[in-house]
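Here the structure comes first, spelled out in structure tokens, and everything after it is commentary.
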2 protein chains.
Amino acid sequence: MHSLNNLIIEFYDKLSSWEQSVVKDTGYSLAQVHTIEVLGSHGPMRMKELADRLGITTGTLTVQVEKLVQFGLIVRTPHEVDRRSILVELTSEGTALHKHHNRMHLQLTEDITRHLDPESIKVLTQSFEKMNREF
Amino acid sequence: MHSLNNLIIEFYDKLSSWEQSVVKDTGYSLAQVHTIEVLGSHGPMRMKELADRLGITTGTLTVQVEKLVQFGLIVRTPHEVDRRSILVELTSEGTALHKHHNRMHLQLTEDITRHLDPESIKVLTQSFEKMNREF
DNA sequence: CCAAATAACTTGACAATCAAACTAATAAAT
DNA sequence: ATTTATTAGTTTGATTGTCAAGTTATTTGG
């Protein structure tokens, strides 16, 4: 258990470093790419929901979104029923960035699992499913 | 492979959120606790090495270390042979913080793996070992 | 209908960060 | 051995990410 704990911490650290270097190559900041990632994987959403998912306040997000709009990565559209809200969604350029980032992630997953046999990958997948449920 | 990739991303996200909330409870910042963690798990080291491990510049670290010294979590001692260098190490209070944080991590690991059978834990451990080697 | 809650925005104040310039010490080259 | 280049750490100035608190517009609940 102790060693598994250390391995998880090490895994997390290495993933952080990897993410940082991959993001740097895009020319956008970590916070910016993270925002794109959330929108890309969950679809358009309100400011409030996006802020919650990112773990930041809506005040911070307002500024962040402003920049991403200027970059042409996202657009703001009024919410159809709630006029207080606005929907944030990716432009085609934002979608392209998300897809690119996703491909990097997939490539990493392939790279780090290349010495695992099919049975281990199966157990690993099931274990991640169970662990993710317990957070 | 695709689903494993998504599970890893989800795992990473959840671990990030967990870390953020656990760190917030300590009253110290994420960057500060991270510094303590590295010193706690690798022992005293020079500024340069610490900066490299944290993925920041020595300029940033100088400021960061200054604060941690003021908090009484770390101390600076001159390097015995290289007079350009400084060794940074945890005080007993810093060590206590590290131990506390470590216990939180261990508890989390126990919590998220509680529905895994011993054989899965074994495979999971081996898989993490192999994956960590491939980064 | 009105009070309370909610969504987004604005502003002011800090952290954290980097790059570049700087000092001191060591290592390398000739 | 003397000079040159490299390395360790610090300082400074600018930028980014962040929050808390206050603002406005809208919706919801009593």
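These values consider heavy atoms only, across backbone and side chains, with no hydrogens, waters or symmetry-generated copies. We name chains A, B, ... by the order of the sequence lines, and we start the count at 1 in each one.
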- Quick one: do the A:D13 and A:S16 side chains pair a donor with an acceptor below 3.5 Å? no

- Task: Would you give the length of the straight line joining atom NZ of A:K24 to atom OG of A:S21, rounded to the nearest 0.5 angstrom?
- Result: 8.0 Å

- Distance-only polar pair, side chains of B:Q107 and B:D111, donor-acceptor under 3.5 Å: yes

- Query: When all nucleic acid strands are considered with a 4.0 Å heavy-atom cut-off, which category describes A:V81: base, sugar-phosphate, or nothing?
  - Reply: sugar-phosphate

- Item | Separation of C:dA25 P from B:R83 CZ (nearest whole Å) | 6 Å

- Round to a whole Å and report the spacing from CD of A:Q64 to P of C:dA8. 16 Å

- Task: Provide the closest heavy-atom pair for B:M131 versus A:L116 in the form atom of the first, atom of the second, distance.
- Result: CG-CD1, 4.3 Å

- Message: Whole angstroms only, please: what is the CD-C1' distance between B:E66 and C:dA15?
- Response: 15 Å

- Hey, could you give me the OG/CD1 distance between A:S127 and B:I121, rounded to the nearest 0.5 Å? 8.0 Å

- Before accepting this row, confirm whether a basic side-chain N of the pair B:K14/B:E10 lies closer than 4.0 Å to the acidic partner's carboxylate O. yes

- Query: From the 5' end of DNA chain D to its 3' end, which nucleotides mark the outer limits of contact with chain A, defined by a 4.0 Å heavy-atom distance cut-off (strictly under)?
  - Reply: D:dG17 to D:dT27

- Nucleic acid contacts - residues 26-45 of chain B versus DNA chain D, non-hydrogen atoms under 4.0 Å: none

Distances under 3.5 Å between nitrogen or oxygen atoms of protein and nucleotides 1-6 of chain C:
| from | atom 1 | to | atom 2 | distance (Å) |
| --- | --- | --- | --- | --- |
| C:dT6 | O2 | A:R84 | NH1 | 2.7 |

- Hey, does the side chain of A:T91 reach the backbone of A:G72 with a donor-acceptor pair shorter than 3.5 angstrom? yes

- Query: Paired with D:dT16 by Watson-Crick or G-U wobble geometry, both distances under 3.5 Å: which nucleotide is it?
  - Reply: none

- Query: Side chains of B:D117 and B:S120: is there a donor and an acceptor less than 3.5 Å apart?
  - Reply: yes

- Task: Would you mind reading off the distance between B:L54 atom CG and C:dT17 atom P, rounded to a whole angstrom?
- Result: 8 Å

Close N/O contacts between protein and nucleotides 9-13 of chain C (under 3.5 Å):
| from | atom 1 | to | atom 2 | distance (Å) |
| --- | --- | --- | --- | --- |
| C:dC9 | OP1 | A:R76 | NH1 | 3.2 |
| C:dC9 | OP2 | A:T62 | OG1 | 3.1 |

- Please work out if A:K67 contacts a base, only the sugar-phosphate, or nothing of the nucleic acid, heavy-atom cut-off 4.0 Å. sugar-phosphate

- Just how far is it from atom CD of A:Q64 to atom CG of A:L68, taken to the nearest 0.5 Å? 5.5 Å

- Query: Charged N to carboxylate O under 4.0 angstrom, A:E134 versus A:K130?
  - Reply: no

- Message: Given 3.5 Å as the limit, does a donor-acceptor pair link the side chain of B:Q32 with the main chain of B:S29, or not?
- Response: yes

- Query: Taking only residues two or more places apart in sequence or in another chain, which ones pass side-chain hydrogen bond (donor to acceptor under 3.5 Å, both in side chains) with A:E19?
  - Reply: A:H101, A:H105

- Item | Glycosidic class, syn or anti, of C:dA16 using a 90° window around 0 | anti

- Message: It should be established whether B:T57 places a side-chain nitrogen or oxygen under 4.0 Å from OP1 or OP2 of nucleotide C:dC18.
- Response: yes

- Shortest non-hydrogen pair, A:T125 vs B:S3, comes out as CG2-OG, 4.2 Å

- Query: Taking only residues at least two apart or on different chains, which pairs with a member in residues 47-63 of chain B satisfy side chain to side chain donor-acceptor pair (under 3.5 Å)?
  - Reply: B:H42-B:R53, B:K48-B:D52, B:E49-B:R53, B:T57-B:T60

